[in-house]
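Right, one structure below, let's go through it.
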Amino acid sequence: MKRILIATDLSSASDCAVEYGFRLASALDATVILVAAYEEVPIPVTDTMSMTVVDAPGVRALVEQGLQRQQALFQQDRLQPIETMAVHGPVVRSILDTVEELGADLIVVGMKGKGKRLRKLFGSTVTALARKTPVPLLVIPEEASYVPPANILLGNDIRPDTDIHVLDPMMELVATFASRVYALRVVKKGAKEFIEVIHPRNPLLEMNKIWEVKYEYRLGDDVVTALNEFVRQHNIQLAVMVPHAHSIPERWFLRGHTREMIFEATVPLLILPE
């Protein structure tokens, strides 16, 4: 991962994600592009029922000021220059277009703590990015501090037909930080034997030829709760998930929980598109 795009909404809540992205880029010796997408902003007119719209040049000036603030706040002693971009257009589409245009290898974005319940119901920029991104997406919970990932949790929902190279970004982090990997599968009670039958050959076994991976089973009906409990118990600094469409038999026991984990993760969450 040599080009990291940090998507920011310029709020103080996004500062943690920006700092995390900058420090991760330093560890990986990667280039940083700090991007803020914007559209015209409707503003209510005082004492009337009408709305006015701040024109694009006016909004762009405000966005560029915000980018300069975050750049100055976190660039510090970085020797490599940090590129900033104010992009006009719908937020998700603008971010993904910029990723394609610049050939970015990773998107870093923050998840705000406030308003999570409503965003769960109606969706959010982060969940939209998770659905559509062609490159890995790293979601940083608000208030999460940068800590080198000595222990990584992989939500082990890997199918026999999964290309093991989807995990290459995670393995680059393992190589950089000498991380320990825990591959955790959470299943409902009584389902373990069934899953072992439908997964007779797990691609993760290929990882053991190079890396040591610790495999774990947890029984429980709430996958996200089990993942977060494991995070706390094993001092995990980074969680990793590979969302994909499940076959019908697997869906009985292994439903996709990436979306819920985006809102509930207590540590940074790396989403690897299959």
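- Here CZ of Arg93 is found 7.0 Å from NZ of Lys132. Values are rounded to the nearest 0.5 Å.
- With values rounded to the nearest 0.5 angstrom, Gln71 atom CD is found 12.0 Å from Thr8 atom OG1.
- The CD1 atom of Ile95 sits 11.5 Å away from the CE atom of Met85 when rounded to the nearest 0.5 Å.
- Distance check, rounded to the nearest 0.5 Å: CG of Leu28 to CZ of Phe177 gives 5.5 Å.
- Among all heavy-atom pairs drawn from Leu102 and Arg3, the shortest one is O-NE, 2.9 Å.
- Within the 4.5 Å cutoff, the side chain of Val224 has heavy atoms near those of the Glu264 side chain.
- The backbone N or O of Ala175 sits nowhere less than 3.5 Å from a side-chain atom of Ser179 that would complete a donor-acceptor pair.
- In terms of heavy-atom proximity, Ala130 sits nearest to Ile262 at CB-CD1, 3.7 Å.
- Within the 4.5 Å cutoff, the side chain of Arg131 has no heavy atoms near those of the Leu137 side chain.
- For the pair Leu24 and Met1, the minimum side-chain heavy-atom distance is 4.5 Å or more.
- When atom types are taken as modelled, the side chain of Gln237 and the backbone of Asn151 share a donor-acceptor pair closer than 3.5 angstrom.
- For the 3.5 Å distance criterion, the side chains of Thr84 and Glu64 fail to qualify, holding no donor opposite an acceptor.
- The aromatic rings of His88 and Tyr38 lie tilted to each other, with the angle between the two planes from 30° to 60°.
- Remark: Leu272 CG to Leu167 CG distance equals 6.5 Å, nearest 0.5 Å.
- Side-chain contact check for Thr31 versus Lys2: every heavy-atom pair is 4.5 Å or farther apart.
- Between Leu10 and Leu67, the shortest heavy-atom contact is CD2-N, 3.6 Å.
- The closest side-chain donor-acceptor pair between Gln70 and Asp15 falls under 3.5 angstrom.
- To the nearest 0.5 Å, atoms CD (Gln65) and CD (Gln68) are separated by 7.0 Å.
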* Where do Ile152 and Ile236 land on the side-chain contact (heavy atoms from CB on, under 4.5 Å) test, with the steps shown first? -> CA-CA 6 Å; Ile152 295 176; Ile236 301 295; 5.8 Å; no

* Check the pair Met241 / Leu269 against side-chain contact (heavy atoms from CB on, under 4.5 Å), numbers first and verdict last. => CA-CA 8 Å; Met241 298 185 79; Leu269 174 65; 3.9 Å; yes

* Could you walk me through whether Ile140 and Val108 pass side-chain contact (heavy atoms from CB on, under 4.5 Å), step by step? => CA-CA 7 Å; Ile140 311 299; Val108 178; 3.9 Å; yes

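- Side-chain contact between Met111 and Val139 is present, with heavy atoms from C-beta onward closer than 4.5 Å.
- In plain terms, the two heavy atoms of Ala226 and Leu184 that are nearest each other are O-CD2, 4.4 Å.
- In this structure, Leu129 and Thr127 have side chains that are not in contact, with every pair of non-hydrogen atoms separated by 4.5 Å or more.
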* I would like to know whether Ile107 and Val99 meet side-chain contact (heavy atoms from CB on, under 4.5 Å); could you show each step before the answer? => CA-CA 8 Å; Ile107 303 171; Val99 166; 3.6 Å; yes

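- Side-chain contact check for Ile271 versus Pro243: some heavy-atom pair is nearer than 4.5 Å.
- In plain terms, the two heavy atoms of Leu270 and Pro136 that are nearest each other are CD1-CB, 4.0 Å.
- Side-chain contact between Leu153 and Val240 is absent, with no heavy-atom pair separated by less than 4.5 Å.
- Of all the heavy atoms in Asn228 and Ala265, the pair that sits closest is OD1-CA, 3.9 Å.
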